[in-house]
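Values in this document were obtained by computation on a predicted structure and should not be read as measured data. Throughout, a chain's letter reflects where its sequence line sits, starting with A, and its residues are numbered from 1.
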Protein chains: 2
Amino acid sequence: MAGGVEENIMPETKLLAHLKAKGYKLTQQRQQIMDVLLQGKTRLTAQEIFRQLKERNLSVSLDTVYRNLRLLTAIGIVQQISLQSGAVYELVQEEHHHHLVCVDCEKIVCISSCPAMQAYLKDADDATGFDILGHNLELYGRCDDCRNKKTNSHA
Amino acid sequence: MAGGVEENIMPETKLLAHLKAKGYKLTQQRQQIMDVLLQGKTRLTAQEIFRQLKERNLSVSLDTVYRNLRLLTAIGIVQQISLQSGAVYELVQEEHHHHLVCVDCEKIVCISSCPAMQAYLKDADDATGFDILGHNLELYGRCDDCRNKKTNSHA
DNA sequence: GTTTTAAATAATAATATTCTTATTTAAATT
DNA sequence: AATTTAAATAAGAATATTATTATTTAAAAC
């Protein structure tokens with residue numbers, strides 16, 4: 001891998017610091033995956049991230065993208081949203097929040113975190129002996145548009 | 001499909017009534033998928049359900065299993081738990097609850113539902129205009145056993 | 001700056017999951 | 001009981017996701 005991508009390397013954000021603090025290595029691939037998510041400012045699939053990394057001429061495999069997204073999700077840096085058409089990923093930004101997904105059109109709406117959640121997590125931790133690393137709450141429903149569009153099927 | 005599986009058909013439980021009430025058809029495949037989950041008394045993968053249906057000599061495709069599990073999950077009859085190794089499914093029984101999953105060994109522990117969740121769902125409904133059909137909360141962590149087993153890696 | 005070592009990667013194989021389209025079927029209507 | 005119709009299914013193709021293993025690399029120790 002001669003030649004350099006040095007100019008493209010994401011600055012050491014607090015996110016990277018967080019990663020490093022947990023004892024994980026700071027690989028090119030890992031940095032760039034996070035940078036794609038940061039730049040993108042939008043939710044991306046693993047495949048989309050993979051494509052963008054290739055465009056940056058980074059040597060990367062799809063497996064590496066999936067593996068890192070899994071890790072980043074597990075340690076709470078990234079949030080995964082499960083759609084029927086596949087999963088999408090976003091960086092966890094300032095305010096912790098959850099997602100409401102339309103079962104018809106897959107529209108995603110952010111909703112604020114349940115205020116009682118923190119206490120709930122603490123209780124679960126105490127009761128089970130687990131170290132709780134993260135959580136994922138997804139609500140599923142039908143959005144206004146899709147409800148109105150319905151003419152024939154299960155209202 | 002001559003010959004009969006009539007003896008095997010699941011009785012019309014409240015779950016089936018619920019399904020029918022929503023306007024969905026009561027197909028052999030759908031009934032038997034639910035019956036496998038009911039009999040199994042344990043969480044099953046789509047593939048395991050498929051295998052058991054074949055053993056019952058039911059004409060069924062894997063796609064049908066996935067499609068029905070998706071529907072049943074969407075309308076709140078079945079709960080899906082996302083593991084790294086794939087998804088598992090269980091019937092929603094009396095008491096609504098959530099799951100805590102070990103990120104190492106995939107042990108699953110049931111935890112009671114967050115008491116504030118109902119109010120939270122109502123708020124989300126009001127604020128967004130969605131019809132909320134169901135939700136999924138999964139906590140991820142490291143169980144006691146796995147934490148103690150750790151010698152080399154990220155504590 | 002080498003050496004060492006566990007973690008991370010690439011490549012490819014293997015699974016899991018979803019999509020497409022023609023055919024079948026449950027339920028409603030007659 | 002026959003007819004009609006939207007919903008559901010089967011089959012197989014297409015994607016998405018994960019596992020395996022040999023090779024590379026970041027970080028630490030020297």
Please report, rounded to the nearest Å, how far the [atom2] atom of [N] is from the [atom1] atom of [X].
X	N	atom1	atom2	result
B:I49	C:dT17	CD1	C1'	14 Å
A:L83	D:dT15	CG	P	18 Å
A:L62	C:dA13	CG	P	15 Å
A:L26	D:dA27	CG	P	6 Å
B:R67	D:dA10	CZ	P	7 Å
B:Q29	C:dA26	CD	P	8 Å
B:N68	C:dC19	CG	C1'	16 Å
A:D63	D:dT23	CG	P	17 Å

At less than 4.0 Å, is any side-chain N or O atom of [X] found next to OP1 or OP2 of [N]? Yes or no.
X	N	value
B:S85	D:dT18	no
B:T64	D:dA8	no
B:Y66	C:dT17	yes
B:R30	D:dA8	yes
A:Q84	C:dC19	yes
A:Q47	D:dA16	yes
A:T27	C:dT9	yes

Inset, instruction - Give a yes or no on whether the ring-centroid distance for B:H99 and A:H135 is below 6.0 angstrom. - result: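 Centroid distance B:H99-A:H135: not below 6.0 Å, so no.
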Inset, instruction - Choose from D:dA10, D:dA19, C:dA10 the nucleotide whose nearest atom is closest to any side-chain atom of A:V60. - result: C:dA10
Legend entry - Nucleotide nearest A:K25 (side chain, heavy atoms from C-beta), chosen from C:dA10, C:dT17, C:dA6: C:dA6
Legend entry - Identified side chain to side chain contact (heavy atoms under 4.5 Å, CB included) partner of B:R43 from the options B:I108, B:L37, B:L91: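 So, applying the side chain to side chain contact (heavy atoms under 4.5 Å, CB included) to B:R43 and each of B:I108, B:L37, B:L91, only B:I108 qualifies.
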Inset, instruction - Group every Ile, Leu, Val, Met, Phe, Trp and Tyr by side-chain heavy-atom contacts under 4.5 Å, then state whether B:I111 and B:V101 land in the same group. - result: no
Inset, instruction - Check whether B:L137 and A:V92 end up in the same hydrophobic cluster, where Ile, Leu, Val, Met, Phe, Trp and Tyr are linked by side-chain heavy atoms less than 4.5 Å apart. - result: no
Inset, instruction - Taking atom NZ of B:K122 as the centre, report whether more than 12 heavy atoms of other residues, nucleotides or ligands fall under 6.0 Å from it. - result: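 Open.
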